[in-house]
Amino acid sequence: MGAGRAGSLCAPSGRGKRRGAFSHRGHGMSILGELGQRFRPLLTELVDDPDPLLDLVRPSQDPALGDYQANFAMPLGKRLGRPPRQLAQQLAAALAEDPMCHPPEVAGPGFINLRLRNSWIGQRLAQAAADPRLGIPRVENPRTYVVDYSSPNVAKPMHVGHIRSTVIGDCLCRVLRFLGHRVISDNHIGDWGTQFGMIIYGWRHFLDEEAYRREPVAELARLYRLVRRLIDYHEAKSRRADVTEQLAQQEAALEANRRAAGPQPDKRTAKMLRRMEATLARTRQQLEELDRTITQTETDPALARLLDAHRDVARAVLNETAKLHAGDEENRRLWRQFLPACLEEIESLYRRLGVSFDHTLGESFYHDRLEAIVQELLDRGVARESDGAVCVFLEGYDTPMLIRKRDGAFLYATTDLATLRYRMDTWNPDAILYVVDFRQSLHFQQLFATARRMGLDKVELVHVSFGTVMGEDGRPFRTREGDTVGLEGLLDEAVRRAARVVAGNDDAKPDGPELSPAERARIAEVVGIGALKYADLSQNRTSDYQFSYDKMLAMNGNTGTYMQYAYARVRSIFRKGNVDVEALRRDPAPVRLETPAERALGLELLRFGEALELTLKDYRPNQLTGYLFGLANHYSTFYEQCPVLKAEAPELRRSRLLLCDLTARTIQKGLELLGIDVVEKM
RNA sequence: GCGCCCGUAGCUCAAGGGACAGAGCAGCGGACUUCUAAUCCGCAGGUUGCAGGUUCGAAUCCUGCCGGGCGUACCA
């Protein structure tokens, strides 16, 4: 047992039904909120609960139709048995004369098309410019969230499988906090598992004391990898015969079926044959992997001479782990000795990523609470014994959730239940988000169902699941040798490539390079890590995504690099024009929106809050990246068409500078909420 | 077998039951004596896997099929 949630490579699923992470309808400063306020009184006269209808006020997809549209006349017409267009006309009266909107137009089956007045947009922009929060209100009813993310196994190097949980979880925390919720981030690390058994075993047999004195973490990592490889080798050896036999059986079965099917098999048979072929291919591949493991180990002289003496390494490691759990003094002492170094190792990665946690309560923290939670479930009649194990049987599931093994050991589920109980007792949250890969969806379904049967039915439990990081070959991302990709190496490579991009660009500047080597290095770090995070966050989290250094560092398209460039380009205007930004913000006049480009940019700036709401609605950061990309595009168009520093009139120059400043600040804040830094020059 | 998820342009991906399904890359054509051309503008590219159904309206919801991924009692 032990070990964090991302034990191996990860992939999508599940969306929880939830309510009220935010509410835009009632309040203040968002456009949707204000439009809602206009319509609410009229709708209340017609129906008891206008909220679902107000939810049908949406941004228009086609600017030709207006800025926003109210789509509630159609369902309402159905419900009331009245012509929708007539209802639409009646409801449109809400905005017949309003400083916010031009008189609405009714179109099609009953769409109410809304166009905001430039004067209103201009005023709102001025208000946003004077506001450190850019005009984004806090939610009226803050909730308490526990966010469970990252959760690596300590003592094992972090790898590519941890990046999504870490980056998505961190982003959700930032957005929730910004909107005014109370957030408790908790890194549920695996600090009590078999990996410590491995290190202890390695320590006993292979320790290089000199190396440990010099670099304890590196030596522990070496011990871990060494023992891991010994175990993998012996496992491969013992499984090889089975897999070989399996392969032979599958080949024979396929051949027999082929013969029986004849030259023209019917559809069903053809499908079955294809399935068998696929299975066969997988088995072949499995065998190849085993052989590769075996060969690589046997041809490594340092390892080869250890193989015979450590035939029983797997059992020995489990034994060391069991002793640790049972309270063996020497193993506990070693565990306490190793843990700080391991924690420091992952901590340095988090520092580089700019990720932090309020709590790091790993599995070891819950160790002495497991017995009690099992007892509680037995007492409540939720769990019962079966085949010597303690199980929770749940309606609708073929298999029970095991919380204690026949041998008395506890499981992942046990720790999760104890953790849940602790979180409820300690923080009493309204919601807990588990940012964990989709393959664990069954586990979380069962966990949540069990929680409800424990009486924890008021808290909203959400599995924020995500897909696997794939390589460019469309298979789980691995190194050429077939190993999982280490996170550290991934960051280094991203930064290395970013450095090339930054240097190439700086060299190509019209007036010659302007960045010192130190500046270049710092910018490359920000650009490289930003690109990596953005690439991940800009994907719909539920699907697998294909990892590509080239794509994530591209200057075109929806990339972090493009966003950072957009930001740097805006900031460059202020430098070049020697503009006093503070003065500009202090007393902003309404922004003038005389050209379509200015209007489109201005309106987009006011929609930042909508993007944040949307991000939280399904816990999908790609809603935020999508918004930022759209904003940057609007800015680019504006930048091409509207001279800022050389604007014809001083007031126009001021107005455009305000648009620039708001754009820069919105991008900066948006990226910050994604956990990404900006640079002033690139 | 059962369960969960996915199938959208050549490729990688967007799209909140709403009007004509959008980007980037690749392809073609334009724009640098002007605030960073690392950019921008335009053209072309689609029966949203297939067939039904629900709805005023479906890529989106339901059913069935086809294709794929993952999971499925003592790992996490």
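So that the names make sense, note that chain A is the first sequence line, chain B the second, and so on, each numbered from 1.
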Colleague: Go through B/G16, B/C13, B/A37 for me and flag the one nearest to the A/Y545 side chain.
Modeller: B/C13
Colleague: Please state the P separation for the pair B/U60 and B/C32 - nearest whole angstrom.
Modeller: 46 Å
Colleague: How far, in whole Å, is B/C61 from B/G16 if one measures between their C1' atoms?
Modeller: 14 Å
Colleague: In terms of ring plane angle, is the pair A/F547 and A/Y549 parallel, tilted or perpendicular, where the classes change at 30° and 60°?
Modeller: perpendicular
Colleague: On a whole-Å scale, what distance lies between the P atoms belonging to B/A26 and B/C41?
Modeller: 16 Å
Colleague: Look at the side chain of A/L411 and decide which nucleotide, out of B/A37, B/C75, B/G16, has an atom nearest to it.
Modeller: B/C75
Colleague: Kindly point out which of B/U39, B/G69, B/U36 is positioned nearest to the side chain of A/N556?
Modeller: B/U39
Colleague: Within the structure shown, what part of the strands sits under 4.0 Å from A/P75 by heavy-atom distance: base, sugar-phosphate, or nothing?
Modeller: base
Colleague: Looking only at side-chain atoms of A/F629, point me to the closest of B/A23, B/U36, B/C2.
Modeller: B/A23
Colleague: Tell me what A/N540 touches on the nucleic acid: a base, only sugar-phosphate, or nothing, going by heavy atoms under 4.0 Å.
Modeller: sugar-phosphate
Colleague: Parallel under 30°, tilted from 30 to 60°, perpendicular over 60°: which one fits the rings of A/F444 and A/H463?
Modeller: tilted
Colleague: Checking understanding here: a glycosidic angle within 90° of 0 is syn, the rest anti, so what is B/C66?
Modeller: anti
Colleague: Please determine whether the number of non-hydrogen atoms from other residues, nucleotides or ligands lying under 6.0 Å from atom CD of A/E105 exceeds 12.
Modeller: no
Colleague: What integer number of Å spans the P atoms of B/A23 and B/A14?
Modeller: 16 Å
Colleague: Rounded to whole angstrom, note down the P distance from B/A9 over to B/G71.
Modeller: 27 Å
Colleague: Closest to the A/C391 side chain: B/C35, B/A73, B/A15?
Modeller: B/A73
Colleague: Between the base of B/A73 and the side chain of A/S386, is there a donor-acceptor distance below 3.5 Å?
Modeller: yes
Colleague: Please tell me which of the listed nucleotides, B/C41, B/G18, B/U36, lies nearest to the side chain of A/R569?
Modeller: B/U36
Colleague: Has A/Q445 got a side-chain N or O lying under 4.0 Å from the OP1 or OP2 atom of B/G3?
Modeller: no
Colleague: Among B/G69, B/C41, B/G16, which nucleotide has an atom closest to any side-chain atom of A/R282?
Modeller: B/G69
Colleague: With the side chain of A/D387 defined as its heavy atoms from C-beta on, choose the nearest nucleotide among B/C13, B/G1, B/A73.
Modeller: B/A73
Colleague: So, does the side chain of A/D62 form a donor-acceptor pair with the base of B/A21 at under 3.5 Å?
Modeller: no
Colleague: Can A/K681 and A/D506 be counted as an ion pair, charged N to O under 4.0 angstrom?
Modeller: no
Colleague: For B/U36, does OP1 or OP2 lie under 4.0 Å from any side-chain N or O of A/S572?
Modeller: yes
Colleague: So, is A/Y627 near the phosphate of B/G16, with a side-chain N or O under 4.0 Å from OP1 or OP2?
Modeller: no
Colleague: Would A/R653 and A/E648 pass as an ion pair if we require N to O under 4.0 Å?
Modeller: no
Colleague: Measuring only the P atom in each nucleotide, how far is B/A58 from B/A19? A whole number of Å is fine.
Modeller: 10 Å
Colleague: Under the criteria of a ring-centre distance below 5.5 Å and an interplanar angle below 30°, is A/F111 stacked with the base of B/G18?
Modeller: no
Colleague: A/S538 and A/N558: side-chain hydrogen bond (donor to acceptor under 3.5 Å, both in side chains), yes or no, with the steps?
Modeller: CA-CA 8 Å; A/S538 60; A/N558 191 7; 4.9 Å; no
Colleague: The side chain of A/L442 is closest to which nucleotide in this list: B/A19, B/G71, B/U36?
Modeller: B/G71
Colleague: Regarding A/Y397, tell me which of base, sugar-phosphate or nothing describes its non-hydrogen contacts under 4.0 Å with the strands shown.
Modeller: nothing
Colleague: Would you say the side-chain atoms of A/E598 pair up with the backbone N or O of A/T595, donor to acceptor, closer than 3.5 Å?
Modeller: yes
Colleague: Does any donor-acceptor pair link the side chain of A/E640 with the base of B/A31 at a separation under 3.5 Å?
Modeller: no
Colleague: Distance check: side-chain N/O of A/K551 vs OP1/OP2 of B/C25, anything under 4.0 Å?
Modeller: no
Colleague: Just to be sure I understand the rule, does A/Q641 reach a base, reach only the sugar-phosphate, or reach nothing, if contact means heavy atoms closer than 4.0 Å?
Modeller: nothing
Colleague: Which value, in whole Å, describes the distance between the C1' atoms of nucleotides B/C25 and B/A44?
Modeller: 15 Å
Colleague: Is the distance from OP1 or OP2 of B/A14 to the nearest side-chain N or O of A/S543 less than 4.0 Å?
Modeller: yes
Colleague: Could you work out which one of B/U39, B/C40, B/A73 sits closest to the side chain of A/T399?
Modeller: B/A73
Colleague: Rounding to an integer number of angstrom, what distance separates B/A59 and B/C2 when you compare their P atoms?
Modeller: 30 Å
